[in-house]
Enquirer: 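Input: one structure, supplied below.
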Amino acid sequence: MNIKSRWFDWFNTIFLTVVGCLMVFPLLHVLAKSFSSSKAINAGLVKLIPVDWTLVNYKVILADTSIWRAFLISVIITVGGTAINLIMTASLAYPLSRPEYSMRKVVLIFILITMIFQAPLIPNYLVIKNLHMLNTLWALVIPSAISAYNLFIMRSFFVALPAELVDSARIDGASELRTMWSVILPLSKPVMATMGLFYAVSHWNSYSTALYFINNRALYPLQLRLREIVLSNDLGQAGSLLEGVNEVSPAGVQMAVIIVSVLPIIIVYPFLQKYFIKGMLVGSIKT
């Protein structure tokens, strides 16, 4: 490497390190507050390191059944919704990747139009209402079953696979469904993991859909419950647990709930990172 290339690499390293630190600092600040005492939080002493280390904020969360119920609903939506997303996306991406499907270009144009022009909230609400999905978890899963962006990435990955694999499966008498299930999908772990991560993060972080279509508080996902706690300081059952407990502050409980909400994605991502990077690179080679 010449001198210019080395300087460029050093600049990239320093720049990306600074950007990464800027993104990590807010999370560290929230984490420090969640483990700090109410006196330290109210005095403004907490920065990046916990002050007067305590677990009382997390004890309050563990005793609040409403937060656990919201957490369980978010897990159900994320796991079930992601499974539906992957099945539906792969089922549509596979035929659109096959050259013998004569209508694939027309279908791709219609899908592309949905990326440019999206239906407003009121028509979406009327559709969900007429399908009798209001106040059900189906309203959080079915309308977003297929993402056009993820569909194009998965289709590009399928197109890049050798066509001889499909031909050999057909010679052996396999149906199209059998070919996709036994030949295509086993070779598509990188893109499936990538799309699964995209869909899972989207389901886990989504609260606007539940805000529009869910009125039953018993069906609130974790992010919507977190929104109530952060914006309106509504701690619900946790608020009653705070009464008479001087060492607990609402701000500390809020920070603890935020950590609980982001922890599952942080835990899952390292296991999917290698598939995530490979899936994004291979899926972008051919369109």
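The model shown is predicted, which means the values in this text are computed figures rather than measured ones.
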Enquirer: Could you give me the CA-CA distance, side-chain angles and deciding distance for Y101 and V107, then say whether side chain to side chain contact (heavy atoms under 4.5 Å, CB included) is met?
Expert: CA-CA 10 Å; Y101 179 41; V107 176; 3.8 Å; yes
Enquirer: L27 and side-chain contact (heavy atoms from CB on, under 4.5 Å): which partner among L48, I258, I266?
Expert: I266
Enquirer: What's the spacing between L161 CG and S188 OG if we round to 0.5 Å?
Expert: 5.0 Å
Enquirer: Under the side-chain hydrogen bond (donor to acceptor under 3.5 Å, both in side chains) rule, collect the residues that match up with T89, sequence neighbours excluded.
Expert: Y199
Enquirer: Report yes or no: do I41 and L55 belong to one cluster of Ile/Leu/Val/Met/Phe/Trp/Tyr joined by side chain heavy-atom distances under 4.5 Å?
Expert: no
Enquirer: Surrounding OH of Y207 (heavy atoms of other residues, nucleotides or ligands, distance under 6.0 Å), is the total greater than 12?
Expert: no
Enquirer: Are L45 and L31 linked, directly or through other ILVMFWY residues, by side chains that come within less than 4.5 angstrom of each other?
Expert: no
Enquirer: Does a sphere of radius 6.0 Å around CE in M133 hold more than 12 heavy atoms from other residues, nucleotides or ligands, not counting ones at 6.0 Å or beyond?
Expert: yes
Enquirer: Report yes if some heavy atom in the side chain of K59 is under 4.5 Å from a heavy atom in the side chain of T54; otherwise report no.
Expert: no
Enquirer: Heavy-atom count around I49 CD1 within 6.0 Å, excluding the residue itself: above 12?
Expert: no
Enquirer: Any chance CD1 of I116 has more than 12 other-residue heavy atoms, nucleotides or ligands included, within less than 6.0 Å?
Expert: yes
Enquirer: With a sphere of 6.0 Å drawn around CZ of R170, does it hold more than 12 non-hydrogen atoms of other residues, nucleotides or ligands?
Expert: yes
Enquirer: Should L187 and I184 be regarded as members of a common hydrophobic cluster, given that ILVMFWY residues are connected when their side-chain heavy atoms come within less than 4.5 Å of each other, either directly or indirectly?
Expert: yes
Enquirer: According to the interplanar angle, ranging from 0 to 90°, do the rings of W204 and F71 count as parallel (below 30°), tilted (30 to 60°) or perpendicular (above 60°)?
Expert: perpendicular
Enquirer: Assess the residue pair M255 and N57 against the criterion (side chain to side chain contact (heavy atoms under 4.5 Å, CB included)); give the C-alpha distance rounded to whole Å, side-chain angles, the decisive distance to 0.1 Å, and a yes or no.
Expert: CA-CA 9 Å; M255 299 302 106; N57 296 320; over 6 Å; no
Enquirer: Under 4.5 Å between any side-chain heavy atoms of Y125 and L134, yes or no?
Expert: yes
Enquirer: Would you check if K4 and W7 make a side-chain contact, meaning some heavy-atom pair closer than 4.5 Å?
Expert: no
Enquirer: Looking at side-chain heavy atoms only, is the closest gap between P221 and Q223 below 4.5 Å?
Expert: no
